[in-house]
Each structure stands twice: as structure tokens, then as C-alpha cells.
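First comes the structure, then the notes that go with it.
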Amino acid sequence: MPKLYLVGAGPGDPGLLTCKAFQLLQRADVVVYDRLVSAEVLAVANPAATFIFAGKLQGEQERIQSEIHAHLLENAADGKVVVRLKGGDPMVFGRGAEEWAFLNSHGIDVELVPGISSALAVPALAGIPVTLRGVATSFAVIAGHRQNLEPQEWDRYRMVDTLVLLMAVENRAAIAANLLRAGRLPEEPVAFIERGATERERVVVATLGIVARGQVEVSAPAVFVVGQVVRMRRHLQRVVREAGVDALEAVYAGR
Ligand SMILES: C[S@@+](CC[C@H](N)C(=O)[O-])C[C@H]1O[C@@H](n2cnc3c(N)ncnc32)[C@H](O)[C@@H]1O
């Protein structure tokens, strides 16, 4: 049975690829990659491979998705080592399950290689843990690109300690307003981490109220984090810079 590898590329830094992803990229004949896969990650792949860009523009997702399916079928059926490379983890807002099911239904075996999702790694690398003893014991990862931002849909996120919103840059003000309507507080800290895990990372810290008023400038791709854990950022930055990671325990103890 022909086979295809559905591989997570992590958030951008090639050092955050799994060993399995790295090895597969090195022996790939074909790499079909998404918009969010960084140039640095592609650079570790077999230079003799055929690289097929499968990024999607707003409004043409469905047409491009069927072209991607056709590329995957054609190349996997030829018996080549085909790597379908997706940013972060393929199963987190990556349509990985759809591609997997499609390929299976066409007689292609799929091996999944999970990746490090931007949802967890990007905040963490910026000094924001999604959970923190005594502060945050729950988190939710939410797609923020949906146009139908029904206010009642946001009620369920009122009690979740940390919210991690992906694809939320464009609708940030509406999302923040809906979260306020759902009962979250305007002074709650938030952070946007643009282009995390790359040398061009930029972090913007604000409050939910400021975002709801449309006063925060930020560009995609970014991870939008809402919750008290955002306050941890300055501790982690200062402590790591001045004393190294061993000193973190003192921060936790004295919090
Ligand atoms: C279609 S989702 C795919 C998520 C991906 N499968 C994952 O697990 O990270 C794309 C969104 O992920 C976030 N994202 C991915 N990589 C990022 C990065 N390096 N820095 C900031 N945000 C990132 C952004 O919110 C972006 O809009």
C-alpha cells in the first residue's frame, strides 16, 4: 500500500522539529508544505526533493484544498517518500484529519508525525506558561477566524483560566468585546505573540479592554493569549536573564 507522512513542522525554529520529522525531511522525495512552515525548517529537507507550496489565500481554501489532495495522491501513488508538512501540529486547526481520511479512502496509508503546536510553544517561548500552579489550572485553544462570532458562543470561555486564540488577529477587537460581554474583566492581561519561535518574534502586552477598544496594533501570524498567566512573562524574562532557569523555583514560591 502506498504511504504518505503527515508531519508537524513545529512553530518555526528547526530545532523544534521532532527527530522523526527531521529524518523524514532528510530523505523526502516530495515535500508539500503550508504557508506557516518556515524557510529555516524547509532548509533541513533533502535539497533534491521537489517542494510544492500548498498555502491558501482567503477565499480560495476549498479550491486549493482539492489541488493539494490531487498532488498528494499523485505523488504517494508513485511510491516516493512524500512528506505533507504542516505548521505546528497537523491535528490542531491544520485539516490534518481531513487529509488523512481522504488519503485512506483512496488507498494510501498515512503515518502521522505530531509536531509542537504554536498554541503551547509560542506562549511558552515568550515566557507565558498556559498553566501555573495556583493561578491557572485550565486552558482552551480556540479558533478566532470564524466570522459568525455569536456572543453566546463565548459564554463557555468565561470560566476557563487561560484562553489561547489562533487565527484571531483580524477579529481581535470583536473577540475581546465578546469575552467582556461573557463576563471576563477589562483589566485582564492579554498578550499577542507575533511570529513566535523565530528571530522576528514580537510580543505586545495589553488588557482585554484595550483590545476591545481596537487600540492594539498587531499582525498575523500571532498567538493571542488571555489570562493572568501573561503576568508571569516579566518574571520569567527577568529571572532567566539574570539568574538562569534554576531561579524559577524561587519565583513560583514567592508568587
Ligand atoms: C491554521 S492555524 C495552524 C496551527 C498549527 N497547526 C499549530 O499547531 O500551531 C494558524 C495559526 O497558528 C498560529 N501560529 C502558527 N505558527 C505561529 C508562530 N510561529 N507565531 C505565532 N503564531 C503562530 C497563528 O495564530 C496562526 O494564525
Side-chain angles (χ1 to χ4, degrees), residues 3-18 20-47 49-76 80-104 108 110-122 125 141-146 164-170 193-201 219-224:
K3 183 170 177 174
L4 179 141
Y5 299 91
L6 181 55
V7 178
D13 176 351
L16 296 176
L17 283 166
T18 62
K20 206 164 184 178
F22 182 83
Q23 285 159 3
L24 280 167
L25 283 171
Q26 298 232 304
R27 63 184 188 87
D29 296 310
V30 180
V31 180
V32 182
Y33 65 99
D34 277 354
R35 181 177 303 281
L36 281 176
V37 174
S38 70
E40 291 81 356
V41 164
L42 288 176
V44 309
N46 172 12
T50 303
F51 292 84
I52 300 174
F53 174 61
K56 302 186 194 90
L57 292 175
Q58 197 72 21
E60 21 177 59
Q61 285 95 333
E62 295 317 314
R63 179 182 65 75
I64 292 178
Q65 191 66 44
S66 46
E67 280 177 24
I68 296 168
H69 283 166
H71 277 308
L72 296 177
L73 275 186
E74 187 186 316
N75 286 291
K80 296 173 183 159
V81 177
V82 183
V83 172
R84 173 65 174 117
L85 191 61
K86 288 176 173 279
D89 183 277
M91 305 301 256
V92 178
F93 301 134
R95 299 188 76 159
E98 284 169 59
E99 287 182 17
W100 186 343
F102 171 85
L103 290 159
N104 272 178
I108 311 256
V110 172
E111 182 172 333
L112 176 75
V113 180
I116 295 182
S117 178
S118 65
L120 303 184
V122 165
L125 289 166
V141 180
I142 306 162
H145 69 300
R146 291 158 299 160
V164 180
L165 293 124
L166 304 188
M167 302 171 285
V169 167
E170 196 181 332
I193 306 120
E194 287 175 1
R195 298 179 296 273
T198 73
E199 285 177 356
R200 289 157 293 135
E201 178 188 285
S219 54
V223 174
F224 176 12

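In this chain, residues are counted from 1 in sequence order. All values below come from the heavy atoms of this structure, side chains included, with hydrogens, waters and symmetry mates left out.
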Legend entry - Between CE on residue M91 and OG on residue S117, distance to nearest 0.5 Å: 12.5 Å

Inset, instruction - Give, for atom CG of L36 and atom CE of M167, the distance between the pair rounded to the nearest 0.5 Å. - result: 10.0 Å

Legend entry - Exam field: side chain D29 to backbone V81, donor-acceptor pair closer than 3.5 Å: yes

Legend entry - Exercise: identify the closest heavy-atom pair between L112 and P90: CD1-CG, 4.0 Å

Inset, instruction - Can you see which heavy atom on V113 is nearest to which on A21, and at what distance? - result: CG1-N, 4.0 Å

Legend entry - Distance in Å, L24 CG paired with T18 OG1, rounded so as to fall on 0.5 Å steps: 8.0 Å

Legend entry - Listed partners of E111 passing salt bridge (charged side-chain N to carboxylate O under 4.0 Å, His left out), at least two apart: K3, K20

Inset, instruction - Indicate the atoms forming the closest heavy-atom contact of N46 with A28, along with that distance. - result: ND2-O, 2.9 Å

Inset, instruction - Run the numbers on D13 and L125 for side chain to side chain contact (heavy atoms under 4.5 Å, CB included), then give the verdict. - result: CA-CA 11 Å; D13 176 351; L125 289 166; over 6 Å; no

Legend entry - Side-chain donor/acceptor of D89 to backbone N/O of G8, under 3.5 Å: no

Inset, instruction - Kindly indicate, with the supporting measurements, whether the criterion side chain to side chain contact (heavy atoms under 4.5 Å, CB included) is fulfilled by L85 and V83. - result: CA-CA 6 Å; L85 191 61; V83 172; 4.2 Å; yes

Legend entry - Residue pair V41 / G12: nearest heavy atoms and the distance that separates them: CG2-O, 3.5 Å

Legend entry - Backbone of H69 reached by a side-chain donor or acceptor of E99 within 3.5 Å: no

Legend entry - From CG (L103) to CG (L6), nearest 0.5 Å: 8.0 Å

Inset, instruction - Kindly compute the distance separating CG (L73) from CD1 (I68), expressed to the nearest 0.5 Å. - result: 12.0 Å

Inset, instruction - Measure the acute angle between the ring planes of F53 and Y33, then classify it against the limits of 30° and 60° as parallel, tilted or perpendicular. - result: tilted

Legend entry - Evaluation steps, side chain to side chain contact (heavy atoms under 4.5 Å, CB included), between F224 and I142: CA-CA 10 Å; F224 176 12; I142 306 162; over 6 Å; no

Inset, instruction - List the atom of V122, the atom of P11, and the distance in Å for their closest heavy-atom pair. - result: CG2-CB, 4.0 Å

Legend entry - Rounded distance (nearest 0.5 Å) linking atom NZ of K86 with atom CG of D34: 4.5 Å

Inset, instruction - For R195 and R200, indicate whether the former's side chain and the latter's backbone hold a donor-acceptor pair under 3.5 Å. - result: yes

Inset, instruction - Over all heavy atoms of both residues, which pair between V141 and F93 is shortest? Give the atoms and the distance, please. - result: CG1-CE1, 3.9 Å

Inset, instruction - Give the intermediate values and the outcome of side chain to side chain contact (heavy atoms under 4.5 Å, CB included) for residues L17 and V7. - result: CA-CA 10 Å; L17 283 166; V7 178; 5.7 Å; no

Inset, instruction - Would you mind telling me which of T50, I108, I52 makes a side chain to side chain contact (heavy atoms under 4.5 Å, CB included) with N75? - result: I52

